[in-house]
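Any value given below was found using the heavy atoms of this structure, including those in side chains, with hydrogens, waters and symmetry copies removed. The chain is numbered in sequence order, starting from 1. Note that this is a predicted model, so its numbers are computed, not measured.
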Amino acid sequence: MARPCAFCGIVGGEIAASFVLRGERVCAFLDTRPVFKGHVLVVPAAHVPDFQALPEEEMGSFWSEVRRISSAVETGLEAQGTFVALNNKISQSVPHLHVHVIPRRKGDGLRCFFWPRTTYESDAERDGFATRIASALP
């Protein structure tokens with residue numbers, strides 16, 4: 001039997017959380033293991049397993065709420081900015097679409113892109129990757 005979705009439990013009130021926003025379509029609550037205090041998770045209220053599963057008609061309103069939360073984190077916490085991130089499938093710790101909004105301050109020690117970086121062997125190799133991705137666009 002599949003494990004119940006933790007974020008559906010939070011949205012449904014079965015799991016306690018500190019909410020920033022409780023909307024009909026979008027909810028936002030504090031991460032229980034924050035990168036920095038005030039780290040918010042923004043989720044669709046209905047279960048959406050990943051980024052590609054978010055219906056097109058909800059895309060704009062969802063990201064508008066993410067932007068609104070980002071602004072509120074900056075203003076409410078006197079942050080100098082935010083780091084906004086989405087893991088899709090790989091490294092997605094809960095299989096429910098969620099966006100991290102993390103307060104940032106100059107010198108806070110967060111090093112984005114902790115993962116190894118690479119280079120293309122040539123312009124032709126780089127162009128080949130671009131072509132493969134572009135040809136897969138719906």
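Ring centers of H96 and H98: at least 6.0 Å apart, outside the cut-off.
Across F36 and P103, no two heavy atoms sit closer than the pair CD1-O, 3.3 Å. Contact between N87 and Q92 at its shortest, heavy atoms only, is O-OE1, 3.6 Å. When all heavy atoms of C5 and V94 are compared, the pair lying nearest together is SG-CG1, 4.3 Å. Between V40 and A28, the shortest heavy-atom distance links the atoms CG1-CB, 3.7 Å.
The structure places CZ of F19 at 6.5 Å from CD1 of I10, a figure rounded to the nearest 0.5 Å. Note that the CG atom of N88 and the CG atom of L97 stand 7.5 Å from one another [nearest 0.5 Å]. The CD atom of E125 lies 8.0 Å from the OG1 atom of T119; values are rounded to the nearest 0.5 Å. Of the inter-residue distances, the one linking W63 atom CH2 with L54 atom CG reads 9.0 Å to the nearest 0.5 angstrom. The SG atom of C27 sits 12.0 Å away from atom CG of L41, with the distance rounded to the nearest 0.5 Å. Atom-to-atom distance recorded for H39:NE2 and L30:CG is 9.5 Å, nearest 0.5 angstrom.
The backbone N or O of R68 sits nowhere less than 3.5 Å from a side-chain atom of S71 that would complete a donor-acceptor pair. Side-chain atoms of S70 do not come within 3.5 Å of backbone N or O of V66 as any donor-acceptor pair. Between the side chain of S61 and the backbone N or O of E58, at least one donor-acceptor pair lies under 3.5 Å.
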After noting the C-alpha distance and the side-chain angles of F62 and V48, does the key distance pass the side-chain contact (heavy atoms from CB on, under 4.5 Å) rule? CA-CA 12 Å; F62 179 77; V48 176; over 6 Å; no
Using the side-chain contact (heavy atoms from CB on, under 4.5 Å) rule, take Q80 and R104 through it: C-alpha gap first, then chi angles, then the decisive distance, then the call. CA-CA 6 Å; Q80 294 172 311; R104 297 294 315 272; over 6 Å; no
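Within a 6.0 Å radius of CZ in R25, no more than 12 heavy atoms belonging to other residues, nucleotides or ligands are found. Within 6.0 Å of CD on E78 lie no more than 12 heavy atoms contributed by other residues, nucleotides or ligands. For E121, the CD atom counts as loosely surrounded, since its 6.0 Å shell holds 12 or fewer non-hydrogen atoms of other residues, nucleotides or ligands.
Looking at heavy atoms from C-beta onward, E74 lies out of side-chain contact with V101 at the 4.5 angstrom threshold.
Among I102, V99, I69, V73, the single residue meeting the side-chain contact (heavy atoms from CB on, under 4.5 Å) criterion with V84 is V99.
The side-chain tip of R126 does not point at the ring of F129 from less than 6.0 angstrom away and within 45° of straight on.
For P49, the side-chain contact (heavy atoms from CB on, under 4.5 Å) partners are H47, A53, not counting sequence neighbours.
No chain of hydrophobic side-chain contacts below 4.5 Å, direct or via other Ile, Leu, Val, Met, Phe, Trp or Tyr residues, connects V43 to V20.
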